[in-house]
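Beneath this line is the structure, given in C-alpha cells, with notes to follow.
In each ligand, atom 1 is the first atom listed, and ligand 1 is the first ligand listed. Because the structure is predicted, anything quoted here is derived from the model rather than measured.
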Amino acid sequence: MSKPSAIPAVRGFRDILPEECSHWQTLYGFGEVRLPILERSDLFARAVGETTDIVEKEMFSFRDRDKEETPLTLRPEATASVVRAYLESGLVHRERQARLFYTGPMFRRERPQRGRYRQFYQIGAEVLGRDDALADAELLVWLARYFDRVAARGVHIELNSLGDESCRPAYRERLRKFGLAHLEALCGDCHRRLERNPLRLLDCKVPGCREVIERAPVMRDSLCAACTAHFDEVRALLDQEHVPYALNLRLVRGLDYYDRTAFEILAEGEGLGAQNAIGGGGRYDGLVAMLGGPDVPGVGFALGLDRLAMAAPRAADPERGPVALILPLEPAAVAPALQLATRLRDEGLSVGVEPAGRSLKALLGVANRRRARLAVILGPEELAAGRATVRDLVSSVDRRHAFALETPGPELARWIRAEVGA
Ligand code: HAM
C-alpha cells in the first residue's frame with residue numbers, strides 16, 4: 001500500500017499551538033491547542049471513517065464560493081484536527097510526545113433532541129507518542145477523579161479492547177460470516193455494513209439487529225497476545241486506583257480510528273434519557289500514519305459539555321467570585337470598608353465591596369450570588385468594637401471569625417488565605 005499523503009489545514013484557518021497560546025494550562029501537563037472549526041472534508045472521511053454514521057450522514061459539508069476543489073466540513077470532532085495540527089506544525093518531529101487539550105463547538109447533523117444538538121461542545125485531551133497502558137490508565141483515573149469532584153450523577157465507565165491490525169482482520173471476518181448467516185434478521189444498513197465494515201454492525205440501533213448482535217462473536221476472544229497484555233495492564237492499573245468500570249465486549253464506538261482500548265462514560269441526569277454518553281475515547285495507534293505521518297500511537301478522550309452539565313450541575317459552575325466581599329451595613333462603615341478592601345487588594349486578594357444601606361440578610365444574599373468565599377461584615381456592633389466579623393459562605397457550617405480592624409494588611413491577608421486554604 002502506498003504511503004498516505006498529508007492533509008493540510010484549509011487556507012486561512014490556522015492552529016494555535018501551545019507555545020502561541022497566551023496562557024498555558026498546566027493541568028496534568030496538557031497544553032491547549034486552538035483548532036479551526038473548518039477542515040477539509042477528506043480529513044474526517046479518512047480519520048473517522050467513510051462508513052461511519054458521522055461521515056455518511058452527519059457532516060455539515062459544503063464547497064466554498066471560490067470553487068476550491070476540496071469540499072469543507074464543520075468539524076464533527078477534534079481528534080482528527082489535533083493529529084493534523086500535530087503533523088502540520090512539525091510538533092511530531094520537535095516533540096514526538098505531546099499532551100494537548102482543546103475545547104470548543106463541534107457539529108453533527110443528527111436528529112436534534114434533548115442532549116443531542118447539531119452544535120454541541122466538547123472538551124478533549126489527546127496524548128500522542130505513547131503506546132503504554134499507563135497512558136490509557138492515567139486518562140481514565142483522571143476522568144474518574146474529575147467526575148467525583150464535580151459530583152456527576154450515576155457515572156459509569158464502559159471499557160473494551162478493539163484489538164489492532166494484527167488481530168482485528170480475523171475478527172472482522174468472523175463477524176462478517178456471522179452476519180451473513182443471519183442476513184434475513186438484519187436491516188438494510190447492516191447489509192451494507194457487512195460488505196464494507198462489519199464492525200459497525202455492533203453499533204446498529206435497530207431493535208431487530210440488536211437481538212442478533214447479542215449473539216455475535218466478541219473481539220475479546222480474538223485478541224492477540226500483545227493486545228491482551230495491554231488490556232490486562234490497563235485493567236490492573238484501574239483496579240489498583242479503585243476506578244470502577246464495566247466491560248462492554250460489544251462497545252465499538254462511532255468512529256473508526258480506534259484500536260485496543262476503547263471506552264465510553266455514561267451518566268444519569270435530568271433529561272439526559274437515551275443521550276446518556278457524556279464522554280468517550282480510546283487508543284488510536286494507526287491514526288497518525290493514516291493521516292500521512294510517521295508511526296506514532298495516540299490515546300485520548302472527549303467529554304460532551306452539554307450533557308456533562310445535565311449530569312453534574314457543579315461542573316457548569318461559573319468561576320468562583322471574590323475571596324471576600326466586604327459588607328458595610330451603615331454609612332459610617334463605608335470608609336473603613338474601602339480602607340479594608342484597599343489593604344487586602346494590595347496583598348493580592350480579590351475583594352469586592354458592596355454599597356451601604358441594606359440589611360445584613362440582603363447583603364449576605366448578594367455575597368452568595370456573587371459566589372464570594374467569605375463575607376466581611378461591618379455593622380454598628382463591629383464598628384463599636386473595632387472588629388469585623390468574617391463569615392465563611394462556602395462551608396455549610398456558619399463559622400464566624402472576628403478580627404480587629406487595625407490588623408495590618410499583610411497579616412490579615414495571610415489570615416484570610418489560611419482560612420480559605422488559598
Ligand atoms: P464521541 O463519542 O463521538 O467521541 O463524542 C464525545 C462526546 O461528545 C459524547 O460522549 C457526547 O457526550 C458528546 N456528543 C457527541 N455528539 C453529540 C451531540 N450531537 N450533542 C451533544 N453532545 C454530543 C469523539 O468525538 C472523539 N473525538 C473522542 C476522542 C478523543 N477519542 C479519542 N480522543
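Counting the atoms of ligand 1 from 1 in the order shown, those under 4.0 Å from a heavy atom of I278 are 10 (O), 12 (O). If you number the atoms of ligand 1 from 1 as listed, the ones under 4.0 Å from a heavy atom of L255 come out as 3 (O), 4 (O). Interface atoms of ligand 1 facing G279, defined by a heavy-atom separation under 4.0 Å, are 10 (O), 12 (O). In the vicinity of E110, heavy-atom distances shorter than 4.0 Å reach the ligand 1 atoms 16 (N), 17 (C), 18 (C), 19 (N). If you number the atoms of ligand 1 from 1 as listed, the ones under 4.0 Å from a heavy atom of G300 come out as 30 (C), 31 (N), 32 (C), 33 (N). The atoms of ligand 1 that sit less than 4.0 Å from any heavy atom of F301 are 29 (C), 30 (C), 32 (C), 33 (N). Set against the non-hydrogen atoms of G280, the atoms of ligand 1 under 4.0 Å away are 10 (O), 28 (C), 29 (C).
Of the candidates R108, R307, R283, E126, it is E126 that places a heavy atom closest to atom 33 (N) of ligand 1. Across the listed options L303, T79, D53, T79 owns the non-hydrogen atom lying nearest to atom 30 (C) of ligand 1.
Contacts between Y284 and ligand 1, counted as non-hydrogen atom pairs separated by less than 4.0 Å, involve the side chain only. Residue-level proximity to ligand 1 for R118 is absent, since no heavy atom of it falls below 4.0 angstrom. Counting heavy atoms closer than 4.0 Å to ligand 1, residue L308 contributes nothing at all.
Salt bridge annotation for D259-R168: absent, with no cationic side-chain nitrogen under 4.0 angstrom from a carboxylate oxygen. Between D53 and K57 there is a salt bridge, with a side-chain nitrogen of the basic residue lying less than 4.0 Å from a carboxylate oxygen of the acidic one. With salt bridges taken as basic N to acidic carboxylate O contacts below 4.0 Å, one links D189 and R192. Between R130 and D132 there is a salt bridge, since a side-chain N of the basic residue sits under 4.0 Å from a carboxylate O of the acidic one. Looking at E56 and R200, no side-chain N of the basic residue comes within less than 4.0 Å of a carboxylate O on the acidic one, giving no salt bridge.
Side-chain contact of Q122 with T103: a donor-acceptor pair under 3.5 Å is absent, judged by distance alone. With hydrogens and angles left out, the side-chain atoms of R235 and Y245 include a donor and acceptor closer than 3.5 Å. T261 and D136 share a side-chain donor-acceptor pair at under 3.5 Å.
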E39 and S81: side-chain hydrogen bond (donor to acceptor under 3.5 Å, both in side chains), yes or no, with the steps? CA-CA 8 Å; E39 297 275 5; S81 302; 2.9 Å; yes
Please evaluate residues Y284 and Y257 with respect to the criterion ring pair (Phe, Tyr, Trp, His ring centres under 6.0 Å), reporting the C-alpha separation (whole Å), side-chain torsions for both, the decisive distance (0.1 Å), and the verdict. CA-CA 6 Å; Y284 44 85; Y257 48 62; 5.7 Å; yes
Using the side chain to side chain contact (heavy atoms under 4.5 Å, CB included) rule, take L378 and L329 through it: C-alpha gap first, then chi angles, then the decisive distance, then the call. CA-CA 6 Å; L378 290 177; L329 297 189; over 6 Å; no
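Counting only heavy atoms of the protein, atom 1 (P) of ligand 1 lies nearest to R253 NH2, 3.6 Å. In terms of protein heavy-atom proximity, atom 26 (C) of ligand 1 is closest to Y257 OH, 3.3 Å. For atom 20 (N) of ligand 1, the closest non-hydrogen atom on the protein side is Y117 N, 3.0 Å. Shortest contact from atom 12 (O) of ligand 1 to any protein heavy atom: A277 O, 2.8 Å. With hydrogens left out, the protein atom closest to atom 31 (N) of ligand 1 is Y258 OH, 2.6 Å, a heavy atom. For atom 13 (C) of ligand 1, the closest heavy atom belonging to the protein is G304 CA, 3.6 Å. At the top of the distance list for atom 14 (N) of ligand 1, counting protein heavy atoms only, stands F120 CE1, 3.4 Å. The nearest protein atom to atom 27 (N) of ligand 1, hydrogens excluded, is given as E77 OE1, 2.6 Å; this is a heavy-atom distance.
At least one cation-pi condition fails for R174 and F178: the charged atom is not both under 6.0 angstrom from the six-membered ring centre and inside a 45 degree cone around its axis.
Judged by distance alone, with hydrogens and angles left aside, the side-chain atoms of E88 form a donor-acceptor pair with the main-chain N or O of A9 at under 3.5 Å.
Between F301 and W142, the two ring planes are perpendicular [angle over 60°; tilted spans 30° to 60°].
Every N/O-N/O distance between A125 and ligand 1 stays at or above 3.5 Å. For R116, no nitrogen or oxygen atom sits less than 3.5 Å from a nitrogen or oxygen atom of ligand 1, counting backbone and side chain alike.
At a 4.0 Å cut-off, not a single heavy atom of A80 sits close enough to ligand 1 to count as contact.
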